[in-house]
*Asks:* 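Before we start, here is the structure in question, set down as structure tokens.
In this text the structure is predicted, and so the values were computed from the model without any measurement.
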Amino acid sequence: MTSRPIVTLSGVAKTYGAFTALDTTDLALGEGEFVTLLGPSGCGKTTTLRLIGGFELADRGRIEIAGEDVTSKPPYRRPVNTVFQEYALFPHMTVAENIGYGLSVKANNVSAPERGRRVAEALAMVGLEEMGHRRTGELSGGQRQRVAMARAIVRRPRVLLLDEPLSALDVKLREGMQVELKRLHRELGITFLMVTHDQEEALALSDRIVVMNRGRIVEIGTPAALYDAPATPYVADFIGASNLVPARSAGNDGRFDRLVLADGTALHRLRRPEDRAFPEGVAVLAGIRPERLLVAGPEDENCLEGRIVEALFHGDRVRIEVALNQDGGGAAASVFADITRTASSAAGATTPGELIALRVDPADIMLFAAEGGR
Amino acid sequence: MSARRQDAGAFAALFSVPFLWALVFMIVPYAIMISVSFWTRQFPLFVPDFQFGNFVQIFSDPQYTTVILRTLKIAAMVTLGALLLGYPLAYFLVFTVRSERMRNLLYMSVIVPLWVSYLLRAYTWKIILGTDGALNSLLMTTGVIREPLTVFLYNQTSMVITLVYIFVPFMVMPLFAVLSNIPKTLIEASEDLGVGPFMTFWKVIFPLSVGGVVAGATMTFCLSFGDFVAPVLVGGPDGTMVANLLQSQFGAALNWPLGSALATLVLLLVLVVLQVSSRMDRAGRVGLS
């Protein structure tokens, strides 16, 4: 977080009967930040969003928005607005009426001409200038999504909450809307808090990602930090894909960690300053992302060797499954590798049954303790 | 060709029974009723004729117009009463009761009285409101009055109370259905946009429940418009409704042509009500997706 916090959760918890939806949690969102809550279903990400929106009240803890304690305030007294998962547009109103709805109530104190101006402004912002008079039932999925966005930003909230905003759209549309979301965030300059289970979406849009699992925050970091140097195997596996290969530590020489796989293959890994040092003989997991395994030349070092079991054609690349050599007699371990397809990369290198050697850069290996961390 | 003939045979086999049923028990009786309304009475016989004397009599004799207007008034009051009672009840069931089991239990308790004989339910109010009734006993034991009052029973108010009690489930059922179908996220969206619970009700929940209001009001209105038991049991001398008038024309007064003319008029009134309600329903209908 780079700026002063606009939303702070301190010791917030929520249970439904015996189910702990959110374990005691602290979280701070910076002004103007784009933060994503990422995790599998039931991890507590939606509960966190709903607690901030005021649709659920916390059992414990304190929620502050813009310096004001809103812990027990209803949604209509909070300076946030929400884009709902299924959009929740009012079916008995036109597009313009939907957008102007939040400004139309007397208590909100916006004059009719001012309201009309702001509705038009919001429509323009989401590219629906001509659609104001339409009924919401006549709109396509993408247009409904835009109306939901316009309705949520027209009241100029301090924080915009987005509950799986793109999940109801098809793939092509979703990519277009990702660009739109990023643009809106830049133009509005307010804090966005988005819930998603789609890690690619989280990586593409966020300034920071909050990875959650089983009602707890597992790790918080920038997309690059979480992708390149996750703290736990869980995060390594959840964000992007990772091969987690069991290995044994053979100590380190200050610059490199030395690892030995079950088949006796020795790997070395470039250490970072803050890395934990594993004593010799301790069981560890070596994490290697599939796209960072490269087909090795005869001279290369730091290689894994094995036989190709399966090859899946993806167009831009071939994903191969390689069963590692089992000279050590241990359980069969296999790794996945993404081989980029170019005119020069040999097609024969990805035929099932072939032997193959895969090279990995010492800086591209992640290292975790074998037990725990989940 | 033979396949088509087979289809026609199957079609006839499938639809002949309901068609015959409708013909014998609905279309023919209506035709008879309408044609008899043009006959003349030459006591004690009814002579086939084509004249509008019966209708003229209905509209010129204040006795009949009074009863028709009174029936309309009572049906309207029953509808309003049932709406004022039924809407909050349905709203409470859908939005306030949190547990699904409790909601179903309470909903059943609204519906279950329909299984009890209609006559019995009407008679209950005679017992409650009568001179030795529960209400008078209660007021006397609590010392509010010393002598039993007769004002509770045998008037239009007691009829409205009884009919509201009897028909309120027909109001609650459609309201419960439409309110249950309103997505909870719409209410959350409204509150999210800074609109409090009261305005959320007027601007989101009520407009989306108009279909249920129209359906419930139509049923309650038509049912109470044609009622003839409540006037007999709890209505007083000024409580006669159209259905009682009809009954007497076919019974004691022995004037079938006039009775048929009245019945035709009632049929037309009900058709008008149904037309109006279906227009209103269509105007208020929106796709809840």
Side-chain angles (χ1 to χ4, degrees), chain A residues 16-17 46 49-50 52-56 73-94 97-110 135-139 141 144 147-148 150-157 159-164 168, chain B residues 87 90-91 94-103 174-217 277-289:
Chain A
Y16 299 101
T46 302
L49 190 90
R50 291 178 62 81
I52 297 172
F55 309 116
E56 311 281 349
K73 285 199 170 168
Y76 49 91
R77 299 245 165 81
R78 298 187 184 205
V80 301
N81 283 124
T82 307
V83 177
F84 290 87
Q85 186 169 9
E86 306 288 344
Y87 316 140
L89 301 180
F90 303 119
H92 56 302
M93 298 181 194
T94 64
E97 283 167 349
N98 259 282
I99 297 171
Y101 178 78
L103 306 173
S104 67
V105 173
K106 275 214 177 70
N108 295 340
N109 211 12
V110 178
R135 289 245 150 205
T136 57
E138 301 167 11
L139 303 181
R144 296 165 72 88
V147 175
R151 187 177 69 175
I153 62 177
V154 78
R155 297 184 69 233
R156 298 173 184 161
V159 180
L160 188 68
L161 306 175
L162 304 111
D163 186 6
E164 307 245 3
Chain B
Y87 203 108
Y91 184 94
V94 173
F95 294 110
T96 313
V97 180
R98 289 233 160 179
S99 115
E100 184 84 11
R101 266 182 67 191
M102 185 50 108
R103 174 164 38 243
L175 283 173
F176 183 82
V178 291
L179 290 176
S180 305
N181 275 336
I182 296 176
K184 301 285 179 288
T185 50
L186 291 186
I187 296 158
E188 290 184 350
S190 173
E191 301 207 335
D192 181 69
L193 292 164
V195 179
F198 184 74
M199 287 312 281
T200 294
F201 174 78
W202 276 116
K203 296 200 143 197
V204 176
I205 299 174
F206 188 74
L208 291 176
S209 69
V210 164
V213 173
V214 170
S277 89
S278 88
R279 292 258 164 101
M280 282 170 69
D281 190 31
R282 240 173 290 147
R285 184 170 300 162
V286 284
L288 280 178
S289 56

*Asks:* Among B:Asp192, B:Thr185, B:Ile187, which residue has the highest count of heavy-atom pairs closer than 4.5 Å to chain A?
*Replies:*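 Answer, by heavy-atom pair count under 4.5 Å with chain A: B:Asp192.
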*Asks:* Counting only non-hydrogen atoms closer than 4.5 Å, does A:Leu161 touch chain B with its backbone (N, CA, C, O), its side chain (CB onward), both, or neither?
*Replies:*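 The answer is neither part of A:Leu161.
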*Asks:* Please name the pair of heavy atoms, one in A:Tyr101 and one in B:Met199, separated by the smallest distance, quoted to 0.1 Å.
*Replies:*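 Of all heavy-atom pairs spanning A:Tyr101 and B:Met199, the closest is OH-O, 4.3 Å.
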*Asks:* Which residue out of A:Ala152, A:Pro79, A:Ala88 racks up the most heavy-atom pairs below 4.5 Å with chain B?
*Replies:*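 Of the candidates given, the most pairs with chain B belong to A:Ala88.
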*Asks:* Is there a side-chain contact between A:Ser104 and B:Lys203 (heavy atoms, below 4.5 Å)?
*Replies:*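 Contact flag for A:Ser104/B:Lys203 side chains = yes.
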*Asks:* Within this structure, what is the CZ-CG distance for the pair A:Arg155 and B:Leu193, rounded to the nearest 0.5 Å?
*Replies:*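 Reported value, rounded in 0.5 Å steps: 6.5 Å.
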*Asks:* Given side chains that start at C-beta, do those of A:Tyr76 and B:Ser190 come closer than 4.5 Å, heavy atoms only?
*Replies:*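 When only atoms from C-beta onward are counted, B:Ser190 and A:Tyr76 do not touch, as no gap falls below 4.5 Å.
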*Asks:* With side-chain contact (heavy atoms from CB on, under 4.5 Å) as the test, pick out the partner of A:Pro91 among B:Leu186, B:Val204, B:Ile182.
*Replies:*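 Exactly one option meets the side-chain contact (heavy atoms from CB on, under 4.5 Å) with A:Pro91, and it is B:Leu186.
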*Asks:* Which atom names give the shortest non-hydrogen contact between B:Glu188 and A:Phe55, and what distance separates them?
*Replies:*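 Of all heavy-atom pairs spanning B:Glu188 and A:Phe55, the closest is O-CE2, 3.5 Å.
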*Asks:* If you count heavy-atom pairs within less than 4.5 Å of chain B, which of A:Arg50, A:Arg77, A:Glu86 leads?
*Replies:*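 Sorted descending by pairs with chain B, the first entry is A:Arg50.
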